[in-house]
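Numbers restart at 1 for each chain; the letters A, B, ... are given by sequence-line order, proteins then strands.
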There are 2 protein chains.
Amino acid sequence: MGTEKPHPKSVEALLGTLRAHGFRVTPQRVAICAVLAGMQIHPTAYDVYDAVRRERSDISLATVYTALKALTRAGAILDLHTAANNSTHYELDTRPHVNFFCTRTGRVDNIAAASVGALKQAIELDGRTVSDMRILVYGTTDDADRQSPHDS
Amino acid sequence: MGTEKPHPKSVEALLGTLRAHGFRVTPQRVAICAVLAGMQIHPTAYDVYDAVRRERSDISLATVYTALKALTRAGAILDLHTAANNSTHYELDTRPHVNFFCTRTGRVDNIAAASVGALKQAIELDGRTVSDMRILVYGTTDDADRQSPHDS
DNA sequence: ATGCATGCAAACTCTTTGCAAACGC
DNA sequence: GCGTTTGCAAAGAGTTTGCATGCAT
């Protein structure tokens, strides 16, 4: 039933995963992982760049992209494409769960639904092996103010 | 349990949905919808452009984008972002289901899993309204030849 | 007749790449 | 020391937009 989630990954865990996969740990990557570990939502590459830039004004956006790709390849994070935005959002929680996009507030929530496991099992019973699931659900949360259905 | 699906939408249905939402039906859009209705897989905008160009060599890629956006806004198709590709793929089957991306063959299959409905219900019980679900699953089908896990 | 749709090209956004210098292992 | 990583800038891919013309309603 819970909606909010605490930071699922620590700086050390992120860096450790990088190292374990043969990627190098640079001061830039330490700063990037620190920012990632402190982020509550699903940041884009530019979000990360913008946050890291406050400490290290010399950081390059290309470096952020490289680091995020390394983290993705190491399995420490997931890249998340949405239909609402052209840019990739990154996900720190690598366990199967539901990403809920509220079309009214623009928020992205993580939902831990029990049915996700059942879904995975059903697919694997059908002669497949699942390595990764991305469940994107669009809709609204019922408690906020109403807004008339979009027209244009 | 079924994996393959026949064309879920006819040209007439696509054009009718456009018309019902106040969009105009032009010869270009007829050609675009005809191509969409005949497609087995999930085409990109360029795939559609390339197919339509065979009949109408004067078609513009921008026109294809405009038409696909109109179809999406009318609810006739869905735009589908994958984590594997930068480009948007379009989905003709607007009912909730699972898109399975085989990481070995690059194929995209539609799976009608019963658990999808259960998942939607679980989310809605939690105080939300679901307008759209995209379930992207990555993995392999067990029947094909093996391939060693990717490294680089 | 009104105003949406078209075609073309240019602009725009996000991401990747080439290269020389710097640095982690 | 070797080979990855960095920063910069330029290139690349995908998509959108401005504008004059054309066409569906």
Side-chain angles (χ1 to χ4, degrees), chain A residues 14-33 35 42-50 52-53 55-74 76-90 151-152, chain B residues 14-35 42-53 55-74 76-90 151-152:
Chain A
L14 292 170
L15 295 174
T17 307
L18 272 186
R19 239 187 295 259
H21 285 256
F23 292 104
R24 292 186 179 171
V25 172
T26 65
Q28 289 92 337
R29 290 185 176 177
V30 173
I32 288 167
C33 290
V35 161
H42 302 79
T44 64
Y46 196 88
D47 291 337
V48 176
Y49 168 64
D50 214 43
V52 173
R53 195 160 45 159
E55 309 176 26
R56 299 187 58 93
S57 59
D58 59 324
I59 191 97
S60 166
L61 181 56
T63 299
V64 174
Y65 272 107
T66 308
L68 289 173
K69 181 174 286 182
L71 284 162
T72 303
R73 290 219 244 204
I77 63 175
L78 292 173
D79 52 354
L80 199 68
H81 283 239
T82 80
N85 199 323
N86 295 333
S87 47
T88 302
H89 292 251
Y90 291 89
D151 229 43
S152 104
Chain B
L14 292 170
L15 295 174
T17 308
L18 273 185
R19 239 187 296 258
H21 287 255
F23 293 104
R24 293 188 178 169
V25 171
T26 65
Q28 289 92 334
R29 291 185 174 179
V30 174
I32 288 167
C33 291
V35 161
H42 302 80
T44 65
Y46 196 88
D47 290 338
V48 176
Y49 168 65
D50 214 44
V52 173
R53 196 160 43 158
E55 308 176 27
R56 298 187 58 95
S57 58
D58 59 325
I59 190 96
S60 166
L61 181 55
T63 299
V64 174
Y65 273 105
T66 307
L68 290 174
K69 180 175 286 184
L71 283 163
T72 302
R73 290 220 243 202
I77 63 176
L78 293 174
D79 51 353
L80 198 69
H81 284 238
T82 81
N85 199 321
N86 294 333
S87 47
T88 303
H89 291 252
Y90 291 89
D151 229 46
S152 105

Checking C:dT16, D:dT15, D:dT25 against the side chain of B:V25 (C-beta onward), the nearest is D:dT25
Here the distance between atom P of D:dT16 and atom OH of B:Y49, to the nearest Å, is 16 Å
note: B:R56, atom CZ; C:dG7, atom P; distance rounded to Å ~ 7 Å
Notebook entry, point to check: If only atom types and distance count, is the side chain of A:D47 paired as donor or acceptor with the main-chain N or O of A:T44 below 3.5 Å?
Noted result: yes
| query | So, do B:T17 and B:I77 sit near enough that their side-chain heavy atoms are less than 4.5 Å apart? | reply | no
Separation of D:dT25 atom P from B:L15 atom CG, nearest Å, is 10 Å
* Asked: According to a strict under-4.0 Å criterion, is A:R29 in side-chain N/O contact with OP1 or OP2 of D:dT4?
  -> no
Kindly say if A:T88 contacts the phosphate of C:dT15, meaning a side-chain N or O under 4.0 Å from OP1 or OP2. yes
Note: for A:A67 and B:P27 on DNA chain D, the residue whose nearest nucleotide lies more 5' is A:A67
When rounded to whole Å, the CG to C1' distance for the pair B:D58 and D:dC23 reads 14 Å
Here the distance between atom C1' of D:dT5 and atom CZ of A:R19, to the nearest Å, is 15 Å
Atom OH of A:Y65 and atom C1' of D:dA10 are separated, to the nearest Å, by 16 Å
Paired with A:S60, the side chain to side chain contact (heavy atoms under 4.5 Å, CB included) test is passed by just one of A:T63, A:V64, A:D58, namely A:T63
Does the side chain of B:T44 get closer than 4.0 angstrom to OP1 or OP2 of D:dG14 through an N or O atom? no
From NE2 of B:H89 across to P of D:dT15 the rounded distance in Å is 9 Å
Separation of D:dA10 atom C1' from A:L61 atom CG, nearest Å, is 14 Å
Assert: residue with more 5' nearest nucleotide on DNA chain C, out of B:V64 and A:T66, is B:V64
request  = Answer yes or no: is there a side-chain heavy-atom contact under 4.5 Å between B:L61 and B:R53?
outcome  = no
Winner on side-chain proximity to A:A45, out of D:dT16, C:dT15, C:dT6, is C:dT15
Q.
Given 3.5 Å as the limit, does a donor-acceptor pair link the side chain of B:R19 with the main chain of B:V25, or not?
A. no
Does OP1 or OP2 of D:dC23 have a side-chain N or O of B:Q28 closer than 4.0 Å? no
Result for 5'-nearest mapping on DNA chain D, choosing between B:F23 and B:A62, is B:A62
Phosphate OP1/OP2 of D:dT15 contacted by B:K69 side-chain N/O (<4.0 Å): no
From the candidates D:dT15, C:dA5, D:dT6, the one with an atom nearest any side-chain atom of A:T63 is D:dT6
Which of D:dC8, D:dT6, D:dT5 is nearest the side chain of A:S60? It is D:dC8
Q) Per the atom types in the model, does the base of C:dC25 pair as donor or acceptor with the side chain of A:R24 at under 3.5 Å? A) no
Quick check against the 3.5 Å criterion: does A:H42 have a side-chain atom that pairs as donor or acceptor with the backbone of A:H89? no
